[in-house]
> 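Before anything else, here's the structure in question.
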Amino acid sequence: MPRTPMSPELLDLVAARFRAFGEPARLRILEALRGGEQSVGELVADTGLGQANLSRHLQQMLALGLVRRRKAGRYAYYVLTDPDVLRLCDVVCGRLDRENQAQRAVLRSAG
């Protein structure tokens, strides 16, 4: 089925989303949010990021629409806006894992 070409504006949005996935810290945040909503403190513990660094990444992810924030008193909680974003991560990670296993098999057979 032929696709309609994407507009330059849509291509810019797609590129911004892919740039977000190009940062290991943001991938750690996505992975931490895989299980559902977490507070900033929980995310600090799960990702190993400092609070200031984590907050900077969360702000960028919020601006891109990757996460949603809920405030409850002094605390902020974050959740993925669309868990399907993790499917992209799973596809890439699965591919890399298969390639890594194939390389190890080649090295074992050569040794």
Side-chain angles (χ1 to χ4, degrees):
M1 171 196 290
R3 289 194 44 212
T4 304
M6 288 191 275
S7 69
E9 295 81 14
L10 182 56
L11 288 171
D12 287 343
L13 291 173
V14 170
R17 182 72 51 99
F18 276 107
R19 279 192 300 279
F21 299 137
E23 169 57 51
R26 287 191 285 273
L27 291 175
R28 280 191 278 190
I29 295 167
L30 288 174
E31 200 53 38
L33 291 173
R34 185 179 286 271
E37 182 181 76
Q38 288 199 24
S39 69
V40 172
E42 291 168 325
L43 287 169
V44 165
D46 284 353
T47 63
L49 298 170
Q51 186 167 346
N53 192 20
L54 174 72
S55 293
R56 183 176 59 83
H57 288 294
L58 286 170
Q59 283 303 110
Q60 292 170 340
M61 295 171 74
L62 190 63
L64 288 168
L66 293 172
V67 296
R68 185 174 57 247
R69 178 178 56 212
R70 176 178 68 83
K71 291 190 176 186
R74 299 179 332 148
Y75 299 98
Y77 296 86
Y78 288 85
V79 66
L80 294 174
T81 54
D82 183 1
D84 280 346
V85 74
L86 296 171
R87 287 182 26 203
L88 178 60
C89 294
D90 292 342
V91 167
V92 173
C93 290
R95 174 66 184 197
L96 291 173
D97 186 47
R98 287 189 301 277
E99 288 175 6
N100 189 20
Q101 288 179 20
Q103 288 174 347
R104 282 187 285 180
V106 167
L107 292 174
R108 277 194 303 271
S109 67

> Using modelled atom types only, decide if a donor and an acceptor are shared between the side chain of Arg68 and the backbone of Val79 within a distance under 3.5 Å.
no
> I'd like to know whether Glu31 forms a salt bridge (charged side-chain N to carboxylate O under 4.0 Å, His left out) with Arg28, so could you lay out the CA-CA distance, the side-chain angles of the two residues, the decisive distance to 0.1 Å, and finally the verdict.
CA-CA 5 Å; Glu31 200 53 38; Arg28 280 191 278 190; over 6 Å; no
> CG/Leu33 to CG/Leu43 distance, rounded to the nearest 0.5 angstrom?
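Result: 5.0 Å between the selected atoms.
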> Give the minimum heavy-atom separation between Leu49 and Val44, together with the two atoms involved.
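The answer is O-CG1, 3.4 Å.
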> Roughly how far apart are Glu23 CD and His57 NE2, rounded to 0.5 Å?
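Atom-to-atom, Glu23:CD and His57:NE2 are 4.5 Å apart.
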> Just checking Gln51: does its CD atom have more than 12 heavy atoms from other residues, nucleotides or ligands closer to it than 6.0 angstrom?
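12 or below, so no.
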> Flag this pair as yes if the NZ/CZ of Arg69 is under 6.0 angstrom from the six-membered ring centre of Tyr78 and inside a 45 degree cone about the axis; otherwise no.
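No, Arg69 does not sit over the ring of Tyr78.
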> Same cluster or not: are Val67 and Leu86 linked, directly or through other Ile, Leu, Val, Met, Phe, Trp or Tyr residues, by side-chain heavy atoms under 4.5 angstrom apart?
yes
> Compare every heavy atom of Val40 with every heavy atom of Leu58, then report the nearest pair and how far apart it is.
CD1-CG2, 4.5 Å
> Just by modelled atom types, is the Leu64 backbone N or O under 3.5 Å from a matching donor or acceptor in the Arg17 side chain?
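At least one qualifying donor-acceptor pair exists.
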> Same cluster or not: Leu62 versus Tyr75, using hydrophobic residues (I, L, V, M, F, W, Y) connected whenever any side-chain heavy atoms lie under 4.5 Å apart?
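Shared cluster, no.
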> So for atom CZ, which belongs to Arg104, do other residues, nucleotides or ligands contribute more than 12 heavy atoms lying within a distance under 6.0 Å?
yes
> Enter the distance from Ile29:CD1 to Arg34:CZ here, rounded to the nearest 0.5 Å.
14.5 Å
> Just say parallel, tilted or perpendicular for the rings of Phe21 and Phe18, cut-offs at 30° and 60°.
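Rings of Phe21 and Phe18: perpendicular, over 60°.
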> Is there a donor-acceptor pair closer than 3.5 Å between any side-chain N or O of Thr81 and the backbone N or O of Gly65?
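Such a contact is found between Thr81 side chain and Gly65 backbone.
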> Quick check: closest heavy atoms across Arg26 and Met61, and the distance to 0.1 Å?
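Heavy atoms only, the tightest pair is CD-CG, 3.6 Å.
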> Say whether, by atom type as modelled, one donor and one acceptor occur between the side chain of Glu42 and the main chain of Ser39 under 3.5 angstrom.
yes
> Answer whether the closest heavy-atom distance between the side chains of Leu80 and Leu66 falls below 4.5 Å.
no
